[in-house]
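Step one of this worksheet: look at the structure below.
Quick note: residue numbers are just sequence positions, from 1.
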Amino acid sequence: MTKKVRKKLEDQYYHYLGREWSKTKGGGCFTLLYDMGKDIGYHTCKEDYSFTAKEFLKDLWEAEGWSVLKTSEMGEVFDIDDLQKFDILVMRLDKRLNHCAVYLGEGYLLHHLAFDVSRIESVQSYIPKTLYVIRKDA
């Protein structure tokens, strides 16, 4: 995970970076993933669930054709080699499943934390917070 790799990913996904938090539903990680998925074509969700759901629950992603690849407990660490490009990491950053990020490969993810701007970061520090890894069914 080098600066060169990160720079390459930032150049490739520049139009998803630096998005401001809108402080309302529809302004964070779910919207980022919805927009990116739609633009790139790796999924075709019916809606941006950030407008209708407080949590990214299993029945939502199963209805959209995603399967759980990895289930873990809080604090559990798994091998990033199990991840594939565009897998979604569903995390619990407080008392509920309240965050998700898209894995871009090469050890990096794209996400949008609350009250921050969207960014690319190393996946490593988010692995212990990841409860599910989901992938779109082929």
Side-chain angles (χ1 to χ4, degrees):
M1 293 178 263
T2 65
K3 288 182 183 182
K4 185 177 178 181
V5 169
R6 184 178 177 147
K7 174 72 172 122
K8 178 188 82 166
L9 292 170
E10 287 172 345
D11 290 346
Q12 186 174 0
Y13 298 103
Y14 71 93
H15 43 291
Y16 302 108
L17 301 177
R19 289 179 170 206
E20 295 288 333
W21 180 257
S22 72
K23 300 180 186 172
T24 61
K25 285 187 177 182
C29 60
F30 297 143
T31 297
L32 175 68
L33 297 180
Y34 175 77
D35 292 346
M36 185 182 174
K38 211 169 50 172
D39 294 347
I40 292 174
Y42 73 90
H43 73 69
T44 54
C45 283
K46 298 176 197 96
E47 64 180 281
D48 172 357
Y49 290 105
S50 63
F51 291 105
T52 58
K54 291 183 180 180
E55 294 183 63
F56 195 47
L57 299 173
K58 192 174 180 183
D59 59 337
L60 291 180
W61 70 65
E62 286 179 341
E64 292 287 357
W66 294 79
S67 296
V68 175
L69 302 171
K70 182 82 179 154
T71 302
S72 65
E73 299 294 324
M74 275 301 273
E76 183 179 337
V77 176
F78 58 87
D79 193 344
I80 65 169
D81 292 335
D82 295 338
L83 299 175
Q84 290 183 13
K85 187 174 185 176
F86 301 137
D87 283 350
I88 303 295
L89 285 71
V90 183
M91 302 171 213
R92 185 174 77 203
L93 299 184
D94 60 24
K95 296 178 182 180
R96 58 189 169 96
L97 292 177
N98 65 336
H99 188 60
C100 55
V102 62
Y103 184 66
L104 300 176
E106 303 186 66
Y108 288 94
L109 57 77
L110 171 66
H111 67 137
H112 194 173
L113 290 167
F115 311 108
D116 205 343
V117 295
S118 57
R119 68 184 73 225
I120 292 173
E121 291 188 274
S122 170
V123 71
Q124 202 64 48
S125 63
Y126 292 95
I127 295 287
K129 299 168 186 163
T130 299
L131 298 184
Y132 299 98
V133 175
I134 59 175
R135 185 176 297 154
K136 185 72 171 179
D137 296 341

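Here the side chains of V117 and E20 are in contact, with some heavy-atom distance below 4.5 Å. Side-chain contact between L110 and L17 is present, with at least one heavy-atom pair separated by less than 4.5 Å. Proximity of L104 to Q12: side-chain heavy atoms (C-beta onward) are nowhere separated by under 4.5 Å. Inter-residue side-chain proximity for K129 and R92 is flagged as unmet; no heavy-atom pair is nearer than 4.5 Å. At least one side-chain heavy atom of E106 sits less than 4.5 Å from a side-chain heavy atom of K8. With contacts defined as side-chain heavy-atom distances shorter than 4.5 Å, the pair V133/D82 does not qualify.
When atom types are taken as modelled, the side chain of S72 and the backbone of T130 share a donor-acceptor pair closer than 3.5 angstrom. Formation of a donor-acceptor pair under 3.5 Å by the S118 side chain with backbone atoms of Y16 is found in this model. Between the side chain of R6 and the main chain of I120, a donor-acceptor pair closer than 3.5 Å is present.
Linking ILVMFWY residues whenever their side-chain heavy atoms come closer than 4.5 Å, directly or via other members, leaves Y14 and I40 in distinct clusters.
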Please walk me through it: do H111 and L89 pass side-chain contact (heavy atoms from CB on, under 4.5 Å)?
-> CA-CA 10 Å; H111 67 137; L89 285 71; over 6 Å; no

Salt bridge (charged side-chain N to carboxylate O under 4.0 Å, His left out) evaluation trace for D87 with K70 = CA-CA 10 Å; D87 283 350; K70 182 82 179 154; over 6 Å; no

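Between Y13 and F86, the ring-plane angle classifies as perpendicular under the 30° and 60° cut-offs.
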